[in-house]
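Comments concern the structure below.
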Amino acid sequence: MQTPTHSPTYLAAELRLPTNWLDYTLLGIYFVVVLGIGFAARRSVKTSLDFFLSGRSLPAWVTGLAFISANLAATEILGMAANSAQYGAYTVHWYWIGAIPAMVFLGLVMMPFYYGSKVRSVPEFLLLRFDRAAHLLSSLLFAFAAILIAGVNLYALAIVVEALLGWPQWVAIVVAGFFVLAYITLGGLSSAIYNEVLQFFVILAALIPITVLALKKVGGWDGLTDTLTKSHGDDFVTAWGGTGIGDANPLGANWLTIVLGLGFVLSFGYWTTNFAEVQRALSAKNLSAAQRTPLIAAFPKIFIVFLVMIPGLAAAALVPGFGTEESGYQYNDAIPYLMEGLLPNGVLGIAVTGLLAAFMAGMAANVSSFNTVFTTDIWARYVVTDREDGYYVRFGRLITAIGVLASIGTAFLASSFSNIMSYLQTLFSFFNVPMFVVFIIGMFWKRASMKSGFWGLLAGTTAAMINYFVLYKQDIISIPSDQGANFVSAIAGFVAGAVVMVAVSLFTAPKPTEELQGLVYGTRSPGMAEPPAPGDEAWYRKPALLGWGAVVLAAACYIPFSF
């Protein structure tokens, strides 16, 4: 049965928060600090490399926290809490199987190719491995996707601020857009990254009180699971219950589509090729720091699931039929509903600031990656070439402003989804998955021809869109939920892209072997063989140990949710 949805244009009217001067003071302090970081970072911007990649000078702990903070946006806060209220404990899959393995793969396998080749963006790697057609198509698709996803964060912020604080939506959009525009225009990527480090801690300060108080409200973990088992069934509070092939479950997906669609295709497609994330690692000071960036981020990622899943489960336990029209709430209301009912003033101000920080972090990550790709991969490569370096810094600031304005225009495209996570996963299946299949085949198969990159990317994107908009939306095939459809779209896009790449490669010429050094597994470039920096011999600076530690810890966390 299709998951019930309804208009998500506004949150529930009764969620208005009783904010006072203390809450607004905390919010004001945060905005002042954000702009202060932008002004401080401006002094370090002297070249285009400084503006777009922080001069490749940042330490691993900074880029690691920025890496996870860039992901702590609407997807994480409202979207994953909504996911939990709608689907239950299945949310853990988005973290322990849908993130950690791919983050480890990025750090251990792919970062040596990205960082060693000295590319400034993910699409630029496709230019080196394939040809200009693959590069231009991937650049255009990524730029378009980045603006759409930035718009999700602006839209989510606007509806939350209107419902909780009473600000008109346009005021929330303009205020948030202005601050993101100001600090990225001033300090470039360095400003975005240092603000993301600050935002990481602000977000935790917001989510931890909500989670603790929500758990106390429902009688602890035992009270929560007992209530949900009675109202939603046993499978709602387990990770794998009811996921046998042919079984019905709240998520509308079986173990095979979870493992292949989410755990492999969507997960690896997002974490390994999404430049909004990879850009943080590319700004690290050396290859070791670049490799450790996603690995450091993997450890907090393992535990953040509890800070978004428990509030969603608690909302479902406290309000019968939460998310349906009869309850008066949408799934996206889970976090705001708990804020309104549980948090005192002061703590409420921190929580509101945390939500704004999350949305701004997500928007800033996409806007900063958009300005880099548009400037270096589209404008400087195909439109205005061979200009002085300062020209591209100035153009980067201009396109940042245009990107923010475009994000405002795309914000309301998210309004057709009552679960923001569903919308974002749909975008990832369209744009990230086809790019991943091109990367993975090009990186591990020398015979993949120059022309295969473009046709594989085009075929994968087209197949994913046909599955979602034609086969699923027109009820030609029966898929129980939007999330299930996203998993199937991801698999379709991956398979179509792979088949077309192989077919095209068999009939077109491969790239000369001497041009594949450092771009294909088994070959090395001088940048990949750099000596270890002083102190990198310490165990906590060894990427392999960090990576396998994260995988083992994530696997261990599955055990309590598997039965």
Q.
Ring centroids only, cut at 6.0 angstrom: are F431 and F142 within range, meaning strictly under it?
A. no
(Q) With a 4.5 Å cut-off on side-chain heavy atoms, are F370 and I399 touching? (A) yes
**Q.** Where P311 and F306 come nearest, the two heavy atoms and their spacing
**A.** CD-O, 3.9 Å
Q: Answer yes if the side chains of H93 and Y87 hold a donor-acceptor pair under 3.5 Å, and no otherwise.
A: no
**Q.** Pairing residues for E277 by the salt bridge (charged side-chain N to carboxylate O under 4.0 Å, His left out) criterion, not counting sequence neighbours
**A.** none
Q | Nearest non-hydrogen partners of G453 and A134, listed with the distance | A | C-CB, 3.9 Å
(Q) So, taking the atom named OH in Y30 and the one named CG in L356, what distance separates them when rounded to the nearest 0.5 Å? (A) 7.5 Å
Q | Atom pair CH2/CZ of W379 and F374 - distance to nearest 0.5 Å | A | 6.5 Å
Q) Is the gap between the ring centers of W271 and F428 under 6.0 Å? A) no
Q | Pairs touching residues 193-211 that satisfy salt bridge (charged side-chain N to carboxylate O under 4.0 Å, His left out), sequence neighbours left out | A | E196-R280
Q. Is the shortest heavy-atom distance from the side chain of F264 to the side chain of F436 under 4.5 Å?
A. yes
Q: For the residue pair D389 and S48, confirm or rule out a side-chain donor-acceptor distance under 3.5 Å.
A: yes
Q. Hey, are Y270 and N71 close enough side-chain-wise for a donor-acceptor pair under 3.5 Å?
A. yes
Q.
Suppose we screen for salt bridge (charged side-chain N to carboxylate O under 4.0 Å, His left out). Which residues come up paired with D131, at least two apart in sequence or across chains?
A. K451
Q.
Under a plain distance cut-off of 3.5 Å, with no hydrogens placed, do Q291 and Y114 share a side-chain donor-acceptor pair?
A. no
Q | Side-chain H-bond candidate by donor/acceptor type, S369 with N366, under 3.5 Å | A | no
Q. Can you name the nearest heavy-atom pair linking P543 to R292, along with the distance?
A. CG-CG, 4.1 Å
Q. Does the side chain of S429 come under 3.5 Å of the side chain of S489 through a donor N or O and an acceptor N or O?
A. no
Q.
Can a side-chain donor-acceptor contact be found between S84 and T91 if the only test is distance below 3.5 angstrom?
A. yes
Q. Which atom names give the shortest non-hydrogen contact between V433 and G493, and what distance separates them?
A. CG1-C, 4.4 Å
Q: Supply the atom-to-atom distance M111 CE to S288 OG, rounded to the nearest 0.5 angstrom.
A: 11.5 Å
Q. How about V520 and R129: do any of their side-chain heavy atoms sit closer than 4.5 Å?
A. yes
Q) Has R56 got its NZ or CZ under 6.0 Å from the middle of the six-membered ring of Y115, at an angle within 45 degrees of the ring axis? A) yes
**Q.** Nearest non-hydrogen partners of L307 and T211, listed with the distance
**A.** O-OG1, 3.3 Å
(Q) Going by salt bridge (charged side-chain N to carboxylate O under 4.0 Å, His left out), name the residues that satisfy it together with R381, two or more places apart in sequence or in a different chain. (A) E124
Q: Say whether Q279 and S121, considering side chains only, have a donor N or O and an acceptor N or O under 3.5 Å apart.
A: no
Q | Under the ring pair (Phe, Tyr, Trp, His ring centres under 6.0 Å) test, residues paired with F179 that sit two or more places apart | A | F31
Q: Output yes when a side-chain donor or acceptor of K446 lies under 3.5 Å from a complementary backbone atom of M443, and no otherwise.
A: no
Q.
To the nearest 0.5 Å, what is the distance between CG on L72 and CZ on F67?
A. 11.5 Å
Q) CG/L262 to CD1/I491 distance, rounded to the nearest 0.5 angstrom? A) 10.0 Å
Q) Does T372 offer a backbone N or O that forms a donor-acceptor pair with the side chain of T376 under 3.5 Å? A) yes
Q.
Nearest 0.5 angstrom please: L519 CG to S117 OG, how far?
A. 6.0 Å
Q: Assert yes or no for the condition that the ring centre distance of F439 to F125 is strictly below 6.0 Å.
A: yes
Q: Look at the side chain of T185 and the backbone N and O of A182, then say whether any donor-acceptor pair between them is shorter than 3.5 Å.
A: no
**Q.** Heavy-atom side-chain proximity of V404 to M363 below 4.5 angstrom
**A.** yes
(Q) Please find the pair of heavy atoms, one from C557 and one from I302, that lie closest to each other, and give the distance. (A) SG-CG2, 3.7 Å
Q | Pairwise side chain to side chain donor-acceptor pair (under 3.5 Å) hits with a residue in residues 132-146, at least two apart | A | H135-D377, H135-Y382
**Q.** Side-chain donor or acceptor of S283 paired with backbone N/O of L53 under 3.5 Å
**A.** no
Q: Please determine, by modelled atom types, if S54 and S190 share a side-chain donor-acceptor pair under 3.5 angstrom.
A: yes
Q) Judged by atom type as modelled, is there a donor-acceptor pair below 3.5 Å linking the side chain of N467 to the main-chain atoms of A463? A) no
Q) Quick one: does M103's side chain get under 4.5 Å of K301's, heavy atoms only? A) yes
